[in-house]
Protein chains: 2
Amino acid sequence: MDRQVQQINSYLVSIFNDVLAIEERTLQSSQFKDVSIKEMHTIDAIGMYEPNTTSEVAKKLGVTVGTLTVSVNNLVRKGYVIRVRSDVDRRVVKLSLTKKGRLLYRLHDKFHRDMVKETITEMNEEESAVLMKGLISLHGFLERTKERLPD
Amino acid sequence: MDRQVQQINSYLVSIFNDVLAIEERTLQSSQFKDVSIKEMHTIDAIGMYEPNTTSEVAKKLGVTVGTLTVSVNNLVRKGYVIRVRSDVDRRVVKLSLTKKGRLLYRLHDKFHRDMVKETITEMNEEESAVLMKGLISLHGFLERTKERLPD
DNA sequence: TTAATTGCTTTGATTATCAAACTATTTGAC
DNA sequence: GTCAAATAGTTTGATAATCAAAGCAATTAA
């Protein structure tokens, strides 16, 4: 079992690193060279659909609102994001994507979908269900672990 | 299928974020508060066993040698890493861990092993084999994708 | 023996990050 | 209704992470 644990672990680490490296290089060789991988994830967290507030996006990304404000300043300057003050509560800022931002969002989303698709097309129904089960189990463990930790 | 792709994808993203967040918080509430998560991964890449050169570790981490030099400067100052010039080729620097560095390495390694162990103990032999197969497949796709990309 | 190459370090610039101080707005207590 | 407290976001100052490019020292090749 220890051998298997070791092996699963190193696959996970390697997958993790590969995904980041590929995302980074894909961006750098696209028309969106001015976007870093962190900025890409910020764009992803802002999302295409209902506008999110600064606080909501910061929480989703696990950074402080100050950090997000700085990052959004850059993304606004580069033309990917727009800020709109809420009319209901003038303290609140709603973030959403520009046309260019939405284009990049879809590009990134497609990479993720292709990645998973290519993986599960090599599997039958039953196997992909087991993969899902494994991921759910891993996810459950991590959520429980997070609970137990101090903030 | 698209529903499933979406779901697997969001589990993967969530797992990645959780692992990072947990590693970060575990470090901050341990005796190793002066080590960031990036530094932790550098320590992990240097490893416990044969000493690695600066170039080798930089490649493993996917950063430039310049970046690694800076990071190693800090880790040496904090007492986790030692630099030894090779006697065979005086240009080469071998990196290895101090006693404190090895202690931290083992702590981090244990977190990773526990994470995987807890996941696969909920599965039978066959299921964990399928999980492994899924990971191998995903890994294969990523390696092929990396090949196709420009550097 | 010099020129080119290699391995690493340093430097300057940019981004990412946090905590803390700050501003503007809303809510709550009276 | 007014003022204090709370809330949402921004700014600032400090530090880490990162790269590309320039620089240095050692090795290899011509």
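Lettering of chains follows the sequences in order, A, B, ..., and the numbering in each one begins at 1. These numbers come from the heavy atoms of this one structure, side chains and all, not from hydrogens, waters or symmetry mates.
Summarising the geometry, the separation between CZ on Arg77(B) and P on dA17(D) is reported as 10 Å, rounded to the nearest angstrom. Distance Glu56(B) CD to dT6(C) C1': 14 Å, rounded to the nearest Å. Per the geometry, CG belonging to Leu61(B) stands 18 Å off P belonging to dA16(D), to the nearest Å. Atom CD of Glu24(A) is separated from atom C1' of dA16(C) by 13 Å (rounded to the nearest Å). To the nearest angstrom, P of dA16(C) lies 11 Å from CD1 of Ile37(A). Distance, Lys38(B) NZ to dC19(D) P: 9 Å, rounded to whole Å. Rounded to whole angstrom, the span from the CG atom of Leu20(B) across to the P atom of dT17(C) amounts to 11 Å. The nearest whole Å value for the distance from the CG atom in Asp34(A) to the P atom in dT18(D) is 20 Å.
Ser71(B) comes within 4.0 angstrom of no nucleic acid atom, judged by non-hydrogen atoms across all strands. When heavy atoms are screened at a 4.0 angstrom cut-off, Val93(B) is found touching the sugar-phosphate backbone but no base atom. Residue-level contact check: Thr69(A) touches the bases, meaning some heavy atom is under 4.0 Å from a base atom.
Taking a 6.0 Å sphere around NZ of Lys59(B), one finds it holds 12 or fewer heavy atoms contributed by other residues, nucleotides or ligands. Heavy-atom contacts from other residues, nucleotides or ligands closer than 6.0 Å to NZ of Lys33(A) number more than 12.
Between Tyr80(B) and Asp34(B), the side chains place a donor N or O and an acceptor N or O closer than 3.5 Å (distance only, hydrogens not considered).
Mapping Lys94(A) and Gly66(B) onto DNA chain D by nearest heavy atom places Lys94(A) at the nucleotide closer to the 5' end. Closest-nucleotide positions on DNA chain C for Thr67(A) and Asp89(B) were compared, and the one nearer the 5' end corresponds to Asp89(B).
Comparing dT10(C), dT10(D), dT9(C) by their nearest atom to the side chain of Val70(B) picks out dT10(C). Closest to the Val92(A) side chain, of the nucleotides dA8(D), dT10(D), dT18(D), is dA8(D). Nearest nucleotide to the Arg85(B) side chain, out of dT18(D), dT10(D), dC8(C): dC8(C). In this structure, the nucleotide among dT10(D), dT10(C), dA16(C) sitting nearest to the side chain of Thr54(A) is dT10(D). Closest to the side chain of Arg90(B), from the set dA16(C), dC8(C), dT27(D), is dT27(D). Relative to the side chain of Val63(B), the nucleotides dG7(C), dT10(D), dC19(D) differ in distance, and dC19(D) lies closest.
If you run side chain to side chain contact (heavy atoms under 4.5 Å, CB included) between Arg83(A) and each of Leu75(A), Thr54(A), Asn73(A), only Asn73(A) comes through.
Ion pairing between a basic and an acidic side chain is recognised when a charged N comes within 4.0 Å of a carboxylate O; Lys94(A) and Glu50(A) show no such pairing.
Under a 3.5 Å cut-off, the side chain of Asn52(A) and the backbone N or O of Val57(A) do not form any donor-acceptor pair. Between the side chain of Ser14(B) and the backbone N or O of Tyr11(B) there is no donor-acceptor pair closer than 3.5 Å.
A close approach under 4.0 Å does occur between a side-chain nitrogen or oxygen of Thr64(B) and OP1 or OP2 of dC19(D). Look at Asn73(A) and you'll find a side-chain N or O under 4.0 angstrom from OP1 or OP2 of dT11(D).
Near-neighbour residues of DNA chain C inside residues 39-48 of chain B, defined by a heavy atom below 4.0 Å, are absent.
A donor N or O paired with an acceptor N or O is not found under 3.5 Å between the base of dT27(D) and the side-chain atoms of Arg91(B).
Distance CD/Glu23(B) to CG/Leu107(B): 10.5 Å, rounded to 0.5 Å.
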